[in-house]
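Counting convention: from 1, in listed order, for ligands and their atoms alike.
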Amino acid sequence: GMPTLTIKVVLLGESAVGKSSIVLRFVSNDFAQSKEPTIGAAFLTKRIYRNDEAIKFEIWDTAGQERFAPLAPMYYRNAQAALVVFDITNEQSFHKAQNWVEQLHERVGNHIIIALVGNKTDLLGMQNLNMGVKKEMIEDFCQRENLSYFETSAKTGENIHEVFQAIGEKTPHP
Ligand code: GDP
Ligand code: MG
């Protein structure tokens, strides 16, 4: 059959930023207005097809609460890629995302592909462009840490596929 590249992906970020919703949108093209918080971690898979190749994503969706933070290394140690997610309307969640990126760089070095994801773009209407996490702050951080950055909405589906597609493109092919 078609050659398949398997990529292990971990989602990290504060609770309620939309990690599980991003995964649900990507895997099932679905959205739920009220989702139960993830306990520990959830495992899902999704195949995408591009040219003559299949990519199988093995996705670990971690829980955001502090009490689960000690478990995170178990999930990111073996991952090829990490989606570090924050809520674009919540500055606190951006600082938490910065902590995750720093932790990844300290503990796994440059062997992991990191995509920083600002989720919930649908909440930023045209009339309140000044709300939310400041663009310059995000850009400075991405430049300093050499990260790619995506703005997504799990609600509308904006850019969700593109994040995973980009990870597929950045992952070294054997
Ligand atoms: P997690 O704790 O990071 O996994 O976050 P969840 O996926 O459980 O989402 C937390 C809440 O935010 C839920 O009520 C979701 O419906 C909502 N949510 C997630 N993504 C979006 C989004 O892109 N836009 C909006 N408006 N709400 C979202
Ligand atoms: Mg969750």
Side-chain angles (χ1 to χ4, degrees), residues 7-46 48 57-104 112-135 137-139 141-142 145 147-167:
I7 306 177
K8 290 181 169 52
V9 181
V10 63
L11 280 90
L12 299 167
E14 194 170 74
S15 159
V17 296
K19 298 179 296 300
S20 299
S21 299
I22 288 170
V23 176
L24 181 65
R25 174 61 75 190
F26 178 57
V27 170
S28 308
N29 196 22
D30 200 358
F31 179 74
Q33 202 63 55
S34 71
K35 278 190 91 340
E36 282 104 67
T38 310
I39 305 297
F43 179 72
L44 295 97
T45 67
K46 167 84 173 177
I48 65 170
F57 290 97
E58 297 184 344
I59 305 168
W60 285 100
D61 170 25
T62 67
Q65 291 103 317
E66 264 334 299
R67 69 193 160 105
F68 293 118
L71 299 179
M74 236 168 51
Y75 300 107
Y76 65 61
R77 245 192 349 239
N78 298 310
Q80 276 99 38
L83 263 59
V84 178
V85 184
F86 65 98
D87 171 347
I88 201 129
T89 68
N90 176 338
E91 194 169 318
Q92 162 63 32
S93 76
F94 174 67
H95 295 306
K96 186 74 213 183
Q98 290 181 296
N99 292 343
W100 279 119
V101 170
E102 283 155 11
Q103 181 174 151
L104 287 172
I112 191 163
I113 295 159
I114 304 176
L116 184 68
V117 177
N119 188 42
K120 308 199 185 183
T121 52
D122 60 283
L123 296 179
L124 287 186
M126 291 299 277
Q127 67 275 36
N128 45 23
L129 281 173
N130 290 321
M131 273 181 51
V133 185
K134 294 277 174 296
K135 264 269 187 323
M137 206 161 65
I138 301 168
E139 280 163 11
F141 182 68
C142 288
E145 300 283 335
L147 307 173
S148 44
Y149 175 57
F150 296 85
E151 293 190 340
T152 63
S153 168
K155 186 168 182 176
T156 67
E158 183 191 7
N159 259 342
I160 299 292
H161 195 82
E162 284 77 357
V163 176
F164 287 90
Q165 183 97 25
I167 284 170

Taking 4.0 angstrom as the limit and counting only heavy atoms of [X], give me the atoms of ligand 1 inside it, by number and element.
{"X": "Leu123", "answer": "26 (N)"}
{"X": "Phe31", "answer": "16 (O), 18 (N), 19 (C), 20 (N), 21 (C), 27 (N), 28 (C)"}
{"X": "Ala32", "answer": "15 (C), 16 (O)"}
{"X": "Ala16", "answer": "1 (P), 2 (O), 3 (O), 5 (O), 10 (C), 12 (O)"}
{"X": "Lys35", "answer": "7 (O), 8 (O)"}

Does the side chain of [Y] come within less than 4.5 Å of [X]'s, by heavy atoms?
{"X": "Thr121", "Y": "Phe150", "result": "no"}
{"X": "Ile88", "Y": "Leu123", "result": "no"}
{"X": "Phe86", "Y": "Lys96", "result": "no"}
{"X": "Glu102", "Y": "Asn99", "result": "yes"}
{"X": "Ile39", "Y": "Phe68", "result": "yes"}
{"X": "Ile48", "Y": "Phe57", "result": "yes"}

Legend entry - Distance, nearest 0.5 Å, that separates CD1 of Ile167 from CG of Leu83: 4.5 Å
Legend entry - Count, waters excluded, of protein N, O or S atoms under 2.8 Å from the Mg ion (ligand 2): 2
Inset, instruction - Report, as yes or no, whether the 6.0 Å neighbourhood of atom NZ on Lys135 holds more than 12 heavy atoms from other residues, nucleotides or ligands. - result: no
Legend entry - Partner residues of Gln33 under the side chain to side chain contact (heavy atoms under 4.5 Å, CB included) criterion, sequence neighbours left out: Phe31, Lys155
Inset, instruction - Could you check whether the rings of Phe164 and Phe26 sit parallel, tilted or perpendicular, using 30° and 60° as the cut-offs? - result: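 Because their plane-to-plane angle is under 30°, the rings of Phe164 and Phe26 count as parallel.
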What is the closest protein heavy atom to [atom], and at what distance does it sit?
{"atom": "atom 20 (N) of ligand 1", "answer": "Asn119 ND2, 3.2 Å"}
{"atom": "atom 17 (C) of ligand 1", "answer": "Lys120 NZ, 4.0 Å"}
{"atom": "atom 7 (O) of ligand 1", "answer": "Ser21 OG, 2.6 Å"}

N/O separation below 3.5 Å, [X] to ligand 1:
{"X": "Ser15", "result": "no"}
{"X": "Asp61", "result": "no"}
{"X": "Ser34", "result": "no"}

Legend entry - Minimum non-hydrogen distance to atom 26 (N) of ligand 1, winning option of Asp122, Leu24, Thr62, Ile88: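 Selected option, by shortest heavy-atom distance: Asp122.
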Inset, instruction - Would you tell me which option among Gly18, Gly118, Ala154, Gly13 has the nearest heavy-atom contact to atom 23 (O) of ligand 1? - result: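 Ranked by closest heavy atom to atom 23 (O) of ligand 1, first place is Ala154.
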[X] and ligand 1 - part of the residue with a heavy-atom distance under 4.0 Å:
{"X": "Thr152", "result": "neither"}
{"X": "Pro37", "result": "neither"}
{"X": "Val17", "result": "both"}
{"X": "Gln33", "result": "backbone"}

Inset, instruction - Taking Asn159 for its side chain and Glu151 for its backbone only, find out whether a donor-acceptor pair lies under 3.5 Å. - result: yes
Legend entry - Result of checking Val9, Val10, Leu11 against Tyr75 for side chain to side chain contact (heavy atoms under 4.5 Å, CB included):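 So the option named by the test is Val10.
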Legend entry - Smallest separation among heavy atoms of Asn90 and Glu14, with atom names: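 Nearest pair, atom of Asn90 first, then Glu14: ND2-OE1, 3.9 Å.
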Inset, instruction - Would you check if there is a donor-acceptor pair between the side chains of Gln98 and His95 at a distance under 3.5 Å? - result: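 The criterion, which ignores hydrogens and geometry beyond distance, is satisfied for Gln98 and His95.
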